[in-house]
Amino acid sequence: LYPDGRRELEQACDAAWSKLETLRTQLRRDSLGGLFENKPNAVVMHWRGASPRNAKLIEKKTRELFEPLAQMDGLGLLEFEAGLELRVGRDKGGAVTAIMNEVRANGPLAYLGDDLTDESAFRAVNGIGARGLSVLVRREWRETSADLWLRPPEELKRFLERWIEAGNCERGTLDSEQ
């Protein structure tokens, strides 16, 4: 989804789209005990909130279904906390790179995320140098490519307030009435 509202889905071979559609139909009938999410370019299975025993079973069944398909040209497997996604097209890092190329802004840029799926976006933002800031936002620490770790809600709230202040200062609009 671009800043101007355009939506772009990457192209894949007909066989990949067909497999994805077949999988959608199958998971609508039987979600393997998990929560099925249907995206325009992906099928997603979540097991967050399931008991540890059920979560392991849902994950096992999902991997057995998704992993062979992920070997197919045009499809990729994306792991995240308590779920798997089988998708056509780029990950969040590819999306961030495409948006950065489209916007071509020279000002500071921050990407905030909380999940493993955000790691590729953190790396993309880190790749633009000093004007980019990648921020992991979650209660517990985990290894990350992000530059900064914030615990919500207070640290996140303060970060956003300071980001807005910095933007206003840069534009010369900060005054006593703001």
Side-chain angles (χ1 to χ4, degrees), residues 1-2 7-99 110-127 133-157 159-160:
L1 185 61
Y2 285 89
R7 176 178 288 214
E8 178 183 299
L9 292 176
E10 287 190 49
Q11 297 303 311
C13 67
D14 290 342
W17 284 110
S18 177
K19 287 291 184 187
L20 210 55
E21 193 53 44
T22 300
L23 187 57
R24 280 189 177 100
T25 301
Q26 180 179 346
L27 291 173
R28 281 187 191 112
R29 284 193 315 265
D30 177 8
S31 64
L32 311 175
L35 176 63
F36 165 60
E37 180 183 358
N38 187 16
K39 293 183 175 181
N41 66 329
V43 293
V44 184
M45 183 59 64
H46 300 266
W47 49 84
R48 180 175 284 139
S51 71
R53 182 172 181 255
N54 284 342
K56 284 186 186 290
L57 184 60
I58 296 164
E59 180 180 5
K60 180 180 184 289
K61 289 178 182 177
T62 303
R63 285 187 183 282
E64 288 171 355
L65 193 57
F66 285 20
E67 285 177 347
L69 296 174
Q71 303 306 311
M72 184 177 196
D73 188 37
L75 291 174
L77 191 64
L78 185 61
E79 296 185 39
F80 59 95
E81 191 174 320
L84 281 175
E85 179 172 295
L86 184 67
R87 64 181 298 121
V88 169
R90 63 184 134 222
D91 59 14
K92 289 181 181 180
V96 166
T97 299
I99 290 169
Y111 181 93
L112 288 72
D114 68 339
D115 208 330
L116 293 172
T117 60
D118 294 303
E119 290 299 319
S120 61
F122 294 154
R123 289 187 295 275
V125 170
N126 295 348
L133 180 65
S134 55
V135 184
L136 176 66
V137 181
R138 59 182 286 134
R139 293 189 188 281
E140 305 86 31
W141 165 255
R142 68 166 173 75
E143 287 298 315
T144 182
S145 297
D147 296 317
L148 181 65
W149 170 42
L150 298 175
R151 287 184 206 108
E154 290 305 316
E155 290 179 4
L156 175 60
K157 181 180 174 189
F159 171 84
L160 294 172

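Just so it is clear, the values below take in all heavy atoms, side chains as well, and ignore hydrogens, waters and symmetry mates. We're numbering straight along the sequence, starting at 1.
Residues L84 and F66 share a closest heavy-atom pair of O-CE2, 3.7 Å. Residue A50 comes nearest to I58 through the heavy atom pair CB-CD1, 4.2 Å, listed as atom of the first residue, atom of the second, then distance. When all heavy atoms of S134 and N126 are compared, the pair lying nearest together is OG-OD1, 2.7 Å. Residues V96 and A121 come closest through the heavy atom pair CG2-CB, 3.8 Å. Across every non-hydrogen atom of V137 and D114, the tightest pair is O-CB, 2.9 Å. Counting all heavy atoms, side chain and backbone alike, A124 lies closest to T97 at CB-OG1, 3.6 Å.
A donor-acceptor pair is defined here as one N or O able to donate and one able to accept, closer than 3.5 Å; such a pair exists between the side chain of D115 and the backbone of E81. Checked by atom type and distance alone, the side chain of N41 pairs as donor or acceptor with a backbone atom of V88 at under 3.5 Å.
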The test is side chain to side chain contact (heavy atoms under 4.5 Å, CB included); show your working for L57 and W47 and say whether it passes.
CA-CA 9 Å; L57 184 60; W47 49 84; over 6 Å; no
Could you walk me through whether L27 and M45 pass the side chain to side chain contact (heavy atoms under 4.5 Å, CB included) check?
CA-CA 9 Å; L27 291 173; M45 183 59 64; 3.8 Å; yes
Could you go step by step and tell me if K39 and V44 meet the side chain to side chain contact (heavy atoms under 4.5 Å, CB included) rule?
CA-CA 8 Å; K39 293 183 175 181; V44 184; 3.9 Å; yes
Check step by step if side chain to side chain contact (heavy atoms under 4.5 Å, CB included) holds for E67 and L77.
CA-CA 7 Å; E67 285 177 347; L77 191 64; 3.6 Å; yes
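Ring to ring, H46 and F36 are not that close: their centroids are 6.0 angstrom or more apart.
Summarising the geometry, atom NZ belonging to K56 is positioned 11.0 Å from atom OG belonging to S51; distances are rounded to the nearest 0.5 Å. Expressed to the nearest 0.5 Å, how far CG of L116 lies from CZ of F80 amounts to 10.0 Å. Rounding to the nearest 0.5 Å gives a distance of 6.5 Å between CH2 of W17 and CZ of R24. Distance CG/L32 to CG/L65: 6.0 Å, rounded to 0.5 Å. Between the CG atom of L148 and the CZ atom of F122 there is a distance of 10.0 Å, given to the nearest 0.5 Å. Distance check: M72 CE to L20 CG gives 10.0 Å after rounding to the nearest 0.5 Å.
Side-chain atoms of K92 and S120 include no donor-acceptor pair closer than 3.5 Å.
Between R139 and W141 the shortest side-chain heavy-atom distance does not fall below 4.5 Å. Contact of the L156 side chain with the L112 side chain is registered, since non-hydrogen atoms from C-beta on lie closer than 4.5 Å.
In this structure, R151 is positioned above the aromatic face of W149, its NZ or CZ under 6.0 Å from the six-membered ring centre and within 45° of the axis.
Under 4.0 Å is where a charged nitrogen must lie from a carboxylate oxygen, and between R142 and E119 at least one such pair does. Between R63 and E79, at least one side-chain nitrogen of the basic residue sits less than 4.0 Å from a carboxylate oxygen of the acidic one, meeting the salt-bridge criterion. Comment: R138 engages E140 in a salt bridge, judged by a side-chain N to carboxylate O separation of less than 4.0 angstrom.
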